[in-house]
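These notes concern the structure reproduced below.
These numbers come from a predicted model, not from an experiment.
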Amino acid sequence: MNVKQVSTTPFDDQRPGTSGLRKKVRVFRQPHYLENFVQSIFDSLEGFRGRTLVLGGDGRYYNRQAVQTIIRMAAANGFGRLLVGRDGLLSTPATSCVIRKHKAFGGIILSASHNPAGPDGDFGIKYNTGNGGPAPEPLTEAIYRNSLAIERYLSLDSEDIDLGAPGETRLGDTVVEIIDPVADYAELMEQLFDFNRIHALINTGVFHMRFDAMHAVTGPYAVEILENRLGLAPGSVVNAVPREDFGGGHPDPNLVYARELVDCLFGSGAPDFGAASDGDGDRNMILGRRFFVTPSDSLAVLAANAHQVPGYRLGLAGVARSMPTSRAVDRVAETLGIECYETPTGWKFFGNLLDANRITLCGEESFGTGSSHLREKDGLWAVLFWLNLLAVRKESVADIVTGHWRRFGRNYYSRHDYEGVDAAAAGELMEALRKQTGTLAGRRFGDLEVSLADDFAYTDPVDGSVSEHQGIRVLFGDGARIVYRLSGTGTEGATLRVYLERYEPDPGRQQQDTQAALADLIHLADALAGIRERTGRDRPTVIT
Ligand code: G1P
Ligand code: ZN
């Protein structure tokens, strides 16, 4: 089969963000746009000839077309074998799993995570390396540099592959294998968790659960694992069929966008346990009956109880959280006598720590939790971890979490997002804060005294690489904190994220409403940054 060389010219906007390249579908559909980026990935890699590439996506609009394009290009560039999820589907954690299990050279995931989909929605593409994790920054920068200089890409003149038919097809020297997207992942979950025990809990008949797949990629995974293998009643997984537009929804499992599930868990006759995942299956939300578990608390609870779960019974090497994530897990690490690392936002920063076996569990406040079993955060894994704990401890979600607070103290925590603000105004706001950091330490605001203010920089303890400008932190004496940063995943304007945290050790004061408990900090966050004045917004778009 003849490899064709297609002439092209660069686009200047292909720098990957927090998690790959994300743009509107209409941007990706410009002639050569996707191809340029894919070729720039391949041109940044060495030694993949004859090796395996894993390929799949979250099933959103343009997924299938992009899969066909990438199959041709990967074959033309000399990959020996392509493992492609059936119907072009592979969740982000499942891709990581397949890369690792089959010792692939790397993988390409087509997803814009939780961003809405459809012809007017978003599309995205990310490259994962042989460890199964997101490309580290030097690689994403190399991809960007190549995208600015590209003159040609390689492809084949070939028919579309039938993505629905499992099995192998030859494309020139390349074997294209359509794989079951669920099998390898489900097998790994069975190794980590006590399926018999969870099955027994579910089959008591008194335990009820609802999982909301939000019409995104986790539907087939959740039906197979929760219903078929663990015996949950059929229909307990709702919105289970992946749709190209995610049913018109916003598949972000949080209190705002997973409203249907939240209403169910807070309504009458609520099930005992509720959970949801996002577009590509790497995020999770955990709910008990009339109880929301913040992702930061979830990480802390999993760390404190990991020894009760088969995959982690030998204990944890260490833990890590992204800087804006609440410091609840730090207190657990202290008690366990293990290291707790503070990394910049984005899963890619956990990769080195996991590879070096310095940590076992890690997480972010943005509904992402994961472990050394993969190199991505993993939505269903977190749900199964909780199910395993519920089966062992035979307590409710609320009792487990409030018991945790009594033991370790409670970190009241919330994130306020101002979406779609003017990019220049947001940049100026951050710049002004940055300038202030030098003069804030020691200043008092009501009961709050600033102990440290800086622009967070991280030196990777494994490879020594330095990442600067990762968010403005303002720390106060008694464990309170405000963090400001701009999102790196949006596709329109800028999103300002303000993270608020306050520590409450007194069990008698751990039952307040979160926003009320944080009221002073919320007020101060605006006063310090001039949010209303600079953005023209008098309230956040989303509060989680
Ligand atoms: C957001 C989250 C971050 C997460 C990323 C990818 O990035 O805040 O924790 O790793 O999505 O899911 P941001 O938009 O804040 O750059
Ligand atoms: Zn995601």
Side-chain angles (χ1 to χ4, degrees), residues 1-14 16 20-23 25-57 60-90 95 99 104-111 123-129 135 139-140 142-165 167-179:
M1 200 165 289
N2 282 339
V3 171
K4 63 172 182 181
Q5 202 155 259
V6 183
S7 303
T8 187
T9 50
F11 293 88
D12 63 6
D13 64 348
Q14 297 196 327
L21 182 69
R22 280 190 205 173
K23 300 281 174 196
V25 166
R26 61 169 185 275
V27 173
F28 266 104
R29 288 173 102 180
Q30 299 172 83
H32 308 312
Y33 193 90
L34 172 70
E35 290 87 342
N36 275 17
F37 189 73
V38 172
Q39 188 64 50
S40 301
I41 297 175
F42 296 154
D43 289 345
S44 312
L45 306 174
E46 268 171 35
F48 59 77
R49 179 157 290 278
R51 302 278 309 273
T52 298
L53 181 77
V54 179
L55 174 62
R60 67 178 59 225
Y61 185 83
Y62 199 55
N63 190 85
R64 283 173 170 270
Q65 250 167 293
V67 165
Q68 298 288 359
T69 300
I70 297 169
I71 289 175
R72 290 190 188 93
M73 290 185 64
N77 275 274
F79 278 96
R81 179 179 274 277
L82 306 179
L83 299 178
V84 184
R86 189 180 55 234
D87 295 325
L89 293 180
L90 267 179
T95 308
I99 292 172
F105 185 84
I108 290 180
I109 305 172
L110 303 171
S111 171
F123 191 74
I125 170 167
K126 32 187 193 174
Y127 179 74
N128 282 29
T129 53
L139 179 51
T140 56
I143 295 169
Y144 176 54
R145 279 197 305 279
N146 280 327
S147 78
L148 294 174
I150 191 166
E151 291 175 344
R152 59 88 187 100
Y153 61 82
L154 307 181
S155 187
L156 299 176
D157 277 319
S158 58
E159 298 286 308
D160 276 359
I161 297 281
D162 179 357
L163 299 176
E168 298 186 355
T169 321
R170 267 196 169 275
L171 213 54
D173 293 334
T174 308
V175 175
V176 182
E177 184 182 350
I178 304 297
I179 59 167

Quiz item: Taking only residues two or more places apart in sequence or in another chain, which ones pass side-chain hydrogen bond (donor to acceptor under 3.5 Å, both in side chains) with T8?
Solution: N36
Quiz prompt | Where at least one partner belongs to residues 60-78, residue pairs that pass salt bridge (charged side-chain N to carboxylate O under 4.0 Å, His left out), sequence neighbours excluded | solution = D58-R60, R64-D87, R72-D160
Quiz item: Can you list the residues that meet the side chain to side chain contact (heavy atoms under 4.5 Å, CB included) rule with A75, with sequence neighbours excluded?
Solution: L156, L171, T174
Quiz prompt | Partners passing side-chain hydrogen bond (donor to acceptor under 3.5 Å, both in side chains) against E151 (at least two apart in sequence or in another chain) | solution = none
Quiz item: Restricting to pairs with a member in residues 29-45, which pass salt bridge (charged side-chain N to carboxylate O under 4.0 Å, His left out), not counting sequence neighbours?
Solution: D43-R152
Quiz item: Who are the side chain to side chain contact (heavy atoms under 4.5 Å, CB included) partners of T140, not counting sequence neighbours?
Solution: P16, A135, E137
Quiz item: If every non-hydrogen atom of P10 is compared with every non-hydrogen atom of S147, which pair is closest and at what distance?
Solution: CB-O, 3.2 Å
Self-check item: Interatomic distance, R26 atom CZ to F123 atom CZ [nearest 0.5 angstrom]
Solution: 15.0 Å
Quiz item: Checking side-chain contact (heavy atoms from CB on, under 4.5 Å) against S155, which of M73, Q39, Q5 comes through?
Solution: M73
Quiz item: Got a sec, which residues hit side chain to side chain contact (heavy atoms under 4.5 Å, CB included) with T52, two or more places apart in sequence or on another chain?
Solution: R81, L83, A104
Quiz item: Can you name the salt bridge (Lys or Arg N to Asp or Glu O under 4.0 Å) partners of D12, sequence neighbours left out?
Solution: none
Self-check item: Shortest non-hydrogen contact between A66 and L110, atoms and distance
Solution: CB-CD1, 3.8 Å
Practice problem: Could I get the full list of side-chain hydrogen bond (donor to acceptor under 3.5 Å, both in side chains) partners for Y127, not counting sequence neighbours? | Solution: none
Exercise. Would you please name every residue forming a side chain to side chain contact (heavy atoms under 4.5 Å, CB included) with A74, sequence neighbours left out?
Key: F42, L53, F79, L82
Quiz prompt | With sequence neighbours excluded, residues passing side-chain hydrogen bond (donor to acceptor under 3.5 Å, both in side chains) with Y33 | solution = D13
